[in-house]
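Throughout, protein chains are lettered first and strands after them, A, B, ... in sequence-line order, and every chain is numbered starting at 1. Values reported hereafter were calculated over all heavy atoms of this structure, with side chains retained and with hydrogens, waters and symmetry mates removed.
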Amino acid sequence: MEQNMMDTIARISGVNLRRCMRCGKCTASCPAFDEMEYHPHQFVSMVENGRIDELLASQGIYTCLSCFACVERCPRNVEPAKLIEAVRLAVIRKQGENHLHAEQIPAMLDDELPQQAIVSAFRKYKR
Amino acid sequence: MQKIGVFVCHCGTNIAATVDVETVAKTLGKEPGVVFTTDYPYMCSQTGQQMIQDKIQELGLTGVVICSCSPRMHEQTFRKACHKAGLNDYMVEIANIREQCSWIHKDKQEATEKAVILGRAAIAKVQLNAPLTAGTSPVTKRALVIGGGIAGIQTALDIAEAGFEVDIVEKQPTIGGKMTQIDKTFPTLDCAACILTPKMVDCAQNEKIHIYAYSEVEQVGGFVGNFHVKIRRKARFVNEDVCTGCGACTEKCPQKKVPNAFNLGLDTRRAIYIPFAQAVPKVATIDPDYCNMLKNGKCGVCAKVCTAGAIDYKQKDTTIEREYGAIVAATGFNPIDLSQFDEFAYSKSPDVVSSLEFERLMNAAGPTGGTLLRPSDGTHPKTIVFVQCVGSRCEDAQKGKSYCSKICCMYTAKHAMLCREKYPDTDVYVFYIDVRTPGKNFDEFYRRAVEEYGVHYIKGMVGKVVPENGKLKVQASDLLDNRQLHIDADMVVLAAAIEPDKSARSVATMLTASMDTNDFFTEAHPKLRPVESPTAGVFLSGTCQGPKDIPETVAQASAAAAKVIGLLCKDSLTCNPCVAEPNELMCNGCSNCEKVCPYGAITYIDKEFRGPNRTTLIRRVAQVNPAVCQGCGACTVACMSGAMDLKGFSNKQIMAEVDAICR
Amino acid sequence: MQGVKEKALELLASGKAQRVLGWKTGEFFYDLTPGVFESAEEVEREFEYGVFAGANLSKYCIAESKKDGVTAVFLKPCDAYSFVQLLKEYKVKREKFYIVGVQCDGMCDMEKIRAAGISGATAVSEDGDTLKISTIYGEETMKKSDALLLKCKTCKSKKLVIFDELLGEQGEDCPESHRFDEVERLERLSPEERFSFWRGELSRCIRCNACRNVCPACTCETCVFDNHNLGTDNKAAASDFEENFFHIIRAFHVTSRCTDCGECSRVCPQHIPLHLLNRKFIKDTNELYGAYQAGADLESRPPLMDFRKDDCEPSVVYERGGAKG
Amino acid sequence: MQVTWKPTIVAFCCNWCSYAGADLSGTNRLQYPANVKIIRIPCSCRLNPMFILRAFQKGADGVILCGCHPGDCHYTTGNYYARRRMTLLFSMLDFLGIEKGRTRVEWVSAAEGAKFAATMNEFVKTITELGENRRLEDLRCKE
């Protein structure tokens, strides 16, 4: 399972994890460092070490700005941001395991919320 | 028809166990031209060799075939033995019936059949062999060293020591190279100038060494032992023989705003200059890009103040031609251009400097007189950040180099240590990916920087540097602590990757020496012949072959010198006789062979031939220089008409082998 | 093209050239052969240019190059490529020639005219796209494009790569020549079909050596097939093998030197499509090592005398399955 | 008849890498069929296409060229030229309908004794499957 997920993420992202030489320039460049519990260099090693579930549960993947500073600066072309994007996609693909059930939503609705957002959320998280 | 003797070796049981050697000998006896066959337990033994020699003399053999082990093993042995009996070395052929027959087959009948066929092929070939004599070519007992840095200097000194003439060609106005710009050397922290300048002086004073500074190699012809080189001596506009190096001109020149290349542009010099006090040769040079007299004819101050009358505004480049027996490439390195790394604000802030610039800032003869001051405002920096691997180990070929530059870990440790020693109030951070300190006393040195001098070594990398209110905001990672650091630094020092000097490529082309993708010279063998180029007579010294520190450079320089001395000691060189040879009558002068020759051994001449009816015809025909040709045979296939053939591996011989095998 | 003969006369008269290399009528009126003219009278009497001037004159320049003085030569676009290739291989000297570039819109093949059912032709002239054919039975016409030589149908370029003077307009490369169509068709066949195709063709070879003699790239002093000393000589098509051997090696020897002038197929008395062998090599070279046109310039390195470190491996042949895509 | 036929295979080996590689496979006693006969040439670039055709003429069923790995040529550039020449020649043989498995190029270094033996085993197998060389034979040369 873990291996499977690792391969999936490596495949979606197109990242060759073995290229990483652990220099940390990605993390050094990251403007959202303080907002994330895992940092770009950790993403690389966590995927490589199979710590996928922790990543999937992480809020940090949504605070990544996708600014691509890490991609730009990486001297080995590892491209951590693409990895993070792949993890986000992996979360989306695990449709049923999402945080909310459809029936929970009405109670949480707020009049200000645009109708369109709700529809797109349903579309995104439908089973 | 040749008279061929066939000798089949048992090699103990190595061959005889799987090959019926007697049958082989008997069967091969029926081949045309074979007058004698025998088998013997050990052909390579003294008795075996004696038997061959006896038979050559007794029967007047003109060719010998030995069915034995690989020619790579004993070809030389048997050639020498036959030579002693008066048979030409190249009338001996080996049929490899051990490595390529008895050892790989189990079935005795099959192996015996194969051995017979291999023997037949060798007989077929020897039928067509002709005696070959190795030619010789004389050796010019003079060496050329291209590049006058520490590598070139050491090589030249060692060659001169052995009593041979050496010329150093250096493109800068003075020899000394990069080492002149370095402040202290690791791991002993002695002053670079103090150990280098005596060697420079030795060069200048050595009668055997001739320094052509401010000169460049323009053309190289010839081959090992006989190189012919054109050297362009760039105009200094100062008569080198007359100038005393007093420096009066360099004080009076009104053009003061010239960036000082020796200090990497951190200060200025005059349009007429001597790069530094200990320059060799110590003569002034006028920079034509800045001199008012040369640019618009208005000035002439230097000529007025020169009491020796050395200034010559009309001086032109001159070309000299010299003959050499060996050439040493010592073209050295440069730090890479850092403008690609704008995340470190190198081009935005003068306080972000390269390590070489930092050397100058620390040096007593540097722009700040040895006091470490910020280039921007001349204040003393309190917090200094060193960034390692800037451009090294970088996959992006546009920005950096894929290799490790090897010297940065050590010089950064040195810089950090010197900072803390001279200015204990400074905070010094070194960001590293790995600290690589293999070398005698190297790791101890690095540990001293950490343990005794309190340098903060942080495993991580600097992500960006932003100049803000006179500070440099450094954002970096600390991987061991999983933190992002924000440091307000006063100065940032970048350990730039090093790359071969730009001139190396054209030098390599002229020398027909090969280079790798990074433009480092390729060695003849990465382990066993590290100081020789694959091109005979060309040797490699210093960083032109790969990143190196000073001790390694000096070691390699002396090794290259030893190789050169070994070559120059010989009066003549024996050439490989198996070289290409054109049949002039068939050559159609198309130049296709010349195009594929890796050694430039083929030239063309217009030659007179007798035409029909007593006329003469002039035809363009190929000529092979047998001293340069290495016998690869590329030309023989490029030649459509078959005019070009390879001695020892002729078209006819190879086809005879094919025929014998396929029969 | 009008004015070729006039130009020949003018060049001789002005002394710009001591002789002219052009075409004259051979055995039959449709059989224009190369000729050397040294006087105005000779030109007046024999010089002929027209729709049958398919012969490539550049190979004849080798002999003229050895003579004193300047030879004026008429080169059509495909001939000019051959000339540059010869120049590149030092077979001709540039200063010995005054080159008149003759633009050309294709030369005709008498057999095509006959095949169209027109017999007893006595003269052929062109009028735009139409051929006017006088026959003993009266006047006939046909479309010129139907009578073109094989090599002209797939013309690769109308650009004159070398000239001192131009008759007509400078032309352009013809990327839409479809010259590799036939090669591609063969590549798509199975190996067995290809083998029987080529056996059918090559078995007709009578080893007359016309292809070799006409080829502007076959310039060896002694051909390897005439070299008795090397043991590679063979004079007669004695077996299947030798037919194959001769044509494979000949095509290989002109690889990256052949300008695709098509003369080999034009002169073959047995109508063997020899140009297909050359085009196969050209096509492979273009696909594997980048587009290259022999004779387009003097500087470029012929692909077979060049390499790149990342060239494909020979195993590409197995992978390509003979045909690409 | 079918049983007794064994292909004749000519292997041209460059002196510096592949011939040494072949020696090494001998030193290591790595077996390959006896129908492979090696001809030593100085460099893979010495191989004239005529030699290959000559071998087929005289009855070879397969021809293989072994040379140093590209970039490792003793003469620096020889195998690069050989690579282009052989690529084009093989493509032409294929174009003429000659079975393309009959010719092959393999880069074998002096250290690759095992590769040499494996290559030869594989090549002999391929040629045995292809059967006798019929399309490029010279009947006069056959017994």
Side-chain angles (χ1 to χ4, degrees), chain C residues 183 186-187 189-199 201-202 224-225 230-232 238-242 244-249 251-253 255-256 276-281 283-285 287-289 303-323, chain D residues 44-45 47-59 63-67 69-73 76-107 119 126 130 133-142:
Chain C
V183 176
L186 288 171
E187 283 173 347
L189 299 179
S190 71
E192 291 71 30
E193 288 168 317
R194 276 200 297 273
F195 182 70
S196 60
F197 170 85
W198 280 111
R199 275 312 330 131
E201 295 294 339
L202 294 179
V224 72
F225 291 107
L230 201 57
T232 49
S239 75
D240 295 359
F241 175 82
E242 285 188 352
N244 287 329
F245 187 54
F246 175 76
H247 290 291
I248 294 171
I249 293 297
F252 188 81
H253 279 178
T255 306
S256 79
L276 293 179
L277 296 175
N278 299 332
R279 281 190 180 164
K280 169 65 179 166
F281 273 134
K283 181 170 175 282
D284 278 347
T285 318
E287 283 172 3
L288 299 173
Y289 309 124
L304 211 50
M305 281 104 214
D306 200 6
F307 63 84
R308 280 213 332 261
K309 289 187 175 165
D310 56 349
D311 276 340
C312 57
E313 294 296 325
S315 56
V316 72
V317 175
Y318 318 127
E319 289 146 21
R320 295 197 325 160
Chain D
S44 50
C45 68
L47 186 65
N48 197 316
M50 298 226 284
F51 303 160
I52 296 181
L53 297 184
R54 175 79 158 218
F56 283 128
Q57 175 185 22
K58 300 288 175 177
V63 178
I64 181 166
L65 167 64
C66 298
H69 285 267
D72 294 346
C73 177
T76 29
T77 56
N79 50 10
Y80 290 129
Y81 293 117
R83 185 164 63 179
R84 281 200 172 188
R85 289 166 183 165
M86 293 308 126
T87 307
L88 290 176
L89 179 75
F90 293 178
S91 179
M92 176 52 81
L93 292 178
D94 175 49
F95 187 62
L96 292 177
I98 316 295
E99 304 90 335
K100 45 192 165 189
R102 291 207 188 274
T103 46
R104 181 160 166 185
V105 170
E106 205 64 54
W107 310 122
T119 303
T126 313
L130 279 173
N133 162 35
R134 288 275 176 224
R135 296 189 181 166
L136 206 55
E137 68 180 351
D138 192 337
L139 285 174
R140 298 167 304 172
C141 299
K142 298 235 165 158

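D:D138 approaches C:S239 most closely through the heavy-atom pair OD1-OG, 3.4 Å. Scanning all heavy atoms of the two residues, the minimum distance from C:D306 to D:Y81 falls at N-CE2, 3.7 Å.
Both the backbone and the side chain of C:R308 come within contact range of chain D, judged by heavy atoms closer than 4.5 Å. Residue contact with chain C, scored on non-hydrogen atoms closer than 4.5 Å, involves the side chain of D:P70 exclusively. If you measure heavy-atom distances from C:D311 to chain D, the contacts under 4.5 Å come from both the backbone and the side chain. Using a 4.5 Å cut-off between heavy atoms, D:L93 contacts chain C through its side chain alone, with no backbone atom that close. Within the 4.5 angstrom heavy-atom criterion, only side-chain atoms of C:V224, from C-beta onward, approach chain D. Residue C:L304 touches chain D through both its backbone and its side chain, counting heavy-atom pairs closer than 4.5 Å. The parts of C:L277 that come within reach of chain D are both its backbone and its side chain, each placing non-hydrogen atoms under 4.5 angstrom from that chain.
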### Task
Could you go through the side chain to side chain contact (heavy atoms under 4.5 Å, CB included) check for C:F245 and D:Q57 one step at a time?
CA-CA 9 Å; C:F245 187 54; D:Q57 175 185 22; 5.5 Å; no
### Message
Before you tell me yes or no, could you show the steps for D:L96 and C:F195 under side chain to side chain contact (heavy atoms under 4.5 Å, CB included), namely the whole-Å CA-CA distance, both residues' side-chain angles and the distance that decides it to 0.1 Å?
### Response
CA-CA 5 Å; D:L96 292 177; C:F195 182 70; 5.9 Å; no
### Task
Mind running side chain to side chain contact (heavy atoms under 4.5 Å, CB included) on C:Y289 and D:L88 for me, showing each step along the way?
CA-CA 11 Å; C:Y289 309 124; D:L88 290 176; 4.2 Å; yes
### Message
Pair D:D94, C:R194 - check side chain to side chain contact (heavy atoms under 4.5 Å, CB included), show working.
### Response
CA-CA 9 Å; D:D94 175 49; C:R194 276 200 297 273; 3.0 Å; yes
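In summary, D:R135 and C:D240 do not engage in a salt bridge, as defined by a charged side-chain N under 4.0 Å from a carboxylate O. The pair C:E319-D:K100 does not meet the salt-bridge criterion, since no charged nitrogen lies less than 4.0 angstrom from a carboxylate oxygen.
No other option in C:P303, C:S315, C:S256, C:S196 has as many heavy-atom pairs under 4.5 Å with chain D as C:P303. When each of C:H247, C:M305, C:E193 is checked for heavy-atom pairs under 4.5 Å with chain D, C:M305 comes out on top.
Contact annotation: the side chain of C:F252 never approaches that of D:M50 to less than 4.5 Å [non-hydrogen atoms, C-beta and beyond]. With a 4.5 Å cut-off on side-chain heavy atoms, D:L53 and C:F241 count as touching. Using a 4.5 Å cut-off on side-chain heavy atoms (C-beta onward), D:P49 and C:I248 make no contact.
To the nearest 0.5 Å, the span separating CE on D:M92 from CD1 on C:I249 amounts to 10.5 Å.
In this view, C:E313 and D:R83, D:W107 satisfy the side-chain hydrogen bond (donor to acceptor under 3.5 Å, both in side chains) rule, not counting sequence neighbours.
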